[in-house]
S.K.: 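What follows is a single structure, and I will ask about it in a moment.
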Amino acid sequence: MKVWIDQSRCLNSRQCEETAPRVFSIADDSLAYVRQNGRLLDQPGGETCQANVSEEDQDAVDTAAYECPGQCIHVIEQP
């Protein structure tokens with residue numbers, strides 16, 4: 001599974017960061033971004049910055065995407 005965030009739709013609710021803190025983080029610009037191996041993927045962000053999600057975090061990422069008030073979290077299932 002991979003995940004990315006459309007920052008243009010982010011409402012800064014912080015729910016994603018609370019639900020899956022190893023995968024999501026709020027940056028200095030107050031928008032949510034994905035993390036990969038502890039590194040914030042904020043340059044440039046959006047669809048070009050997709051993070052691989054560990055099996056351990058997949059349920060939390062699915063929950064965060066479902067509960068996101070801005071519906072800006074995009075999960076890509078991989079075969």
Side-chain angles (χ1 to χ4, degrees):
M1 157 190 293
K2 288 188 175 211
V3 65
W4 65 279
I5 297 178
D6 179 351
Q7 283 78 30
S8 70
R9 297 181 66 186
C10 180
L11 301 177
N12 190 18
S13 71
R14 298 185 175 267
Q15 286 180 300
C16 59
E17 186 178 46
E18 292 172 8
T19 304
R22 287 188 298 256
V23 179
F24 303 108
S25 186
I26 305 300
D28 292 339
D29 62 3
S30 298
L31 298 174
Y33 292 88
V34 293
R35 294 173 115 11
Q36 174 111 14
N37 300 321
R39 189 176 130 249
L40 191 66
L41 303 181
D42 62 344
Q43 296 299 320
E47 188 173 7
T48 59
C49 289
Q50 297 179 7
N52 293 311
V53 179
S54 70
E55 281 188 42
E56 179 182 4
D57 290 319
Q58 288 183 2
D59 286 342
V61 167
D62 281 337
T63 298
Y66 179 76
E67 294 178 351
C68 176
Q71 294 298 292
C72 63
I73 299 172
H74 299 273
V75 175
I76 301 166
E77 298 292 340
Q78 296 179 306

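Please read all numbers here as calculations on a predicted model, not as lab measurements. Only this structure's heavy atoms are used, side chains among them; waters, hydrogens and symmetry mates stay out.
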S.K.: Roughly how far, to the nearest 0.5 Å, is CD of Gln50 from CH2 of Trp4?
M.R.: 7.5 Å
S.K.: In the hydrophobic cluster built from side-chain contacts under 4.5 Å, what are the other members alongside Met1?
M.R.: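 Val3, Ile5, Val23, Phe24, Val34, Leu41, Val53, Val61, Ile73, Val75, listed by chain and number.
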S.K.: Check the surroundings of atom CD in Glu55: do more than 12 heavy atoms from other residues, nucleotides or ligands lie under 6.0 Å from it?
M.R.: no
S.K.: Without swapping roles, check the side chain of Ser30 against the backbone of Ala27 for a donor-acceptor pair under 3.5 Å.
M.R.: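 The answer is no, because no donor-acceptor pair under 3.5 Å joins these two groups.
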S.K.: Could you tell me which residues satisfy side-chain hydrogen bond (donor to acceptor under 3.5 Å, both in side chains) with Asp57, sequence neighbours excluded, listed by chain and number?
M.R.: Arg22, Ser54
S.K.: Give me the atom names and distance for the closest heavy-atom approach of Arg9 to Cys72.
M.R.: CB-CB, 3.6 Å
S.K.: Could you tell me which non-hydrogen atom of Cys10 sits nearest to which non-hydrogen atom of Ala32, and how far apart they are?
M.R.: SG-N, 3.4 Å
S.K.: Would you call Gln78 and Lys2 a side-chain contact if the rule is heavy atoms closer than 4.5 Å?
M.R.: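 In short, these two side chains touch, coming nearer than 4.5 Å.
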S.K.: Can you list the other members of the hydrophobic cluster that holds Tyr33, where links are side-chain heavy atoms under 4.5 angstrom apart?
M.R.: Leu31, Leu40
S.K.: Return the minimal non-hydrogen interatomic distance between Arg35 and Pro21, and the atom names on each side.
M.R.: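 Scanning both residues, the minimum pair turns out to be CD-O, 3.8 Å.
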S.K.: Just verifying a value: how many Å separate Asn12 CG and Asp29 CG, rounded to the nearest 0.5 Å?
M.R.: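 Asn12 CG to Asp29 CG: 9.0 Å, rounded to 0.5 Å.
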S.K.: How far does OG of Ser25 sit from CG of Asp42, to the nearest 0.5 angstrom?
M.R.: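 Atom-to-atom, Ser25:OG and Asp42:CG are 9.0 Å apart.
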S.K.: How far does CD of Glu18 sit from OG1 of Thr63, to the nearest 0.5 angstrom?
M.R.: 13.5 Å
